[in-house]
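Every number for a ligand or one of its atoms is a count from 1 in the order of the listing. Hydrogens, waters and symmetry mates are skipped; everything else that's a heavy atom, side chains included, is used. In this text the structure is predicted, and so the values were computed from the model without any measurement.
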Amino acid sequence: RKRVAVLISGGGSNMMALAKAAARPDFPAEIVGVISDKADAGGLVKADTLGIPTFAHVRKDYAGKAEHEAAILAELARLSPDIICLAGYMRLLSAEFIRAYEGRIINIHPALLPLFAGLHTHQRAIDAGMRIAGCTVHFVTEGMDEGPIIAQAAVPVLTDDTAETLAARILTVEHRVYPEALKLFAEGKVRMEGGKAVFALASGGKPEQ
Ligand code: GAR
């Protein structure tokens with residue numbers, strides 16, 4: 001089983017979806033630790049109840065971004081993960097950090113990338129008059145929310161949606177898609193190569209599940 005470290009900043013519902021999937025004996029990955037940049041992230045308590053080791057490294061406790069990332073990298077070195085999952089981790093990782101785990105960091109973003117990268121994605125999708133929205137799991141590269149796409153799912157945008165109601169609808173599909181994407185990656189059925197996602201294909205040209 002592949003060793004997975006999860007980075008969070010908040011409630012950790014995606015981290016929990018990954019942890020629940022990983023609790024099944026046939027899942028190809030296990031969660032070996034959860035690291036947060038917020039001491040009060042709700043996800044830390046949730047991970048703790050599952051017996052997953054948790055670590056908080058708060059940005060303001062470090063002199064700068066480089067020192068903060070060094071502390072997280074040192075934690076990761078102890079956990080020796082094969083894969084890092086960003087799950088609502090609201091900081092941009094430096095190029096040096098990403099290079100240290102080249103092709104092994106994946107992220108979930110609550111929009112149909114390449115549309116609506118960055119913050120306030122739900123409101124921006126509503127303001128653009130989109131009739132569908134969704135989520136994307138992708139490899140992390142230096143550009144924010146720019147890496148090759150592993151999996152996506154769509155939901156309708158309802159005429160009376162607010163950013164909050166749309167976010168809640170997208171979150172339910174995030175919880176399904178992120179474990180599926182992690183499974184695909186952990187089984188070696190998708191990898192990043194030459195800046196693209198390369199899939200092992202089942203007959204019919206669909207990614208093998
Ligand atoms: C999720 O919707 C995730 O896609 C989003 O933050 C939320 C975290 O919720 N991530 C981003 O916006 C990253 N740019 P969670 O803590 O309950 O998983």
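- Ser94 and Glu69 share a donor-acceptor pair across their side chains, judged by distance under 3.5 Å alone.
- Tyr89 has its side chain within reach of Leu93: a pair of non-hydrogen atoms, C-beta onward, lies under 4.5 Å apart.
- Judged by distance alone, with hydrogens and angles left aside, the side-chain atoms of Ser9 form a donor-acceptor pair with the main-chain N or O of Met90 at under 3.5 Å.
- Of all protein heavy atoms, the one lying nearest to atom 13 (C) of ligand 1 is Met90 SD, 3.8 Å.
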Can I get a per-line list of side-chain donor-acceptor pairs under 3.5 Å for residues 104-115, giving both atom names and the distance, sequence neighbours left out?
{"from": "Arg104", "atom 1": "NH1", "to": "Pro81", "atom 2": "O", "distance (Å)": "3.3"}
{"from": "Arg104", "atom 1": "NH1", "to": "Asp82", "atom 2": "O", "distance (Å)": "3.3"}
{"from": "Asn107", "atom 1": "ND2", "to": "His138", "atom 2": "NE2", "distance (Å)": "3.1"}
{"from": "His109", "atom 1": "ND1", "to": "Asp145", "atom 2": "OD2", "distance (Å)": "3.4"}
{"from": "His109", "atom 1": "NE2", "to": "Phe116", "atom 2": "O", "distance (Å)": "2.7"}

Give the table of side-chain donor-acceptor pairs shorter than 3.5 Å for residues 43-54, with sequence neighbours excluded, one pair per line with atom names and distance.
{"from": "Lys46", "atom 1": "NZ", "to": "Gly11", "atom 2": "O", "distance (Å)": "2.7"}
{"from": "Thr49", "atom 1": "OG1", "to": "Lys46", "atom 2": "O", "distance (Å)": "2.6"}

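- Atom CZ of Arg131 is surrounded by more than 12 heavy atoms from other residues, nucleotides or ligands within 6.0 Å.
- Other residues, nucleotides and ligands contribute over 12 non-hydrogen atoms within 6.0 Å of the NZ atom of Lys65.
- Looking from atom 15 (P) of ligand 1 to the surrounding protein, the closest heavy atom is Ser13 N, 3.4 Å.
- At the shortest separation from atom 16 (O) of ligand 1 among protein heavy atoms lies Gly12 N, 2.8 Å.
- Here is the list of ligand 1 atoms found below 4.0 Å of a heavy atom in Gly88: 6 (O), 8 (C), 10 (N).
- Ring pair Phe185/Phe139 is perpendicular by interplanar angle, where above 60° counts as perpendicular and below 30° as parallel.
- In terms of protein heavy atoms, atom 12 (O) of ligand 1 is closest to Pro110 CD, 3.5 Å.
- Of the polar atoms of Asn107, none of the N or O atoms is found under 3.5 Å from an N or O of ligand 1, judged by distance alone.
- When hydrogens are left out, the protein atom nearest atom 14 (N) of ligand 1 is His109 ND1, 3.5 Å; that is the closest non-hydrogen contact.
- Closest to atom 4 (O) of ligand 1 among all protein heavy atoms lies Glu174 OE1, 2.7 Å.
- Less than 4.0 angstrom separates some heavy atom of Leu171 from each of these atoms of ligand 1: 1 (C), 2 (O).
- For the ligand labelled ligand 1, residue Met16 lies outside the 4.0 Å heavy-atom shell.
- Using a 4.0 Å heavy-atom cutoff, Gly43 is absent from the residues neighbouring ligand 1.
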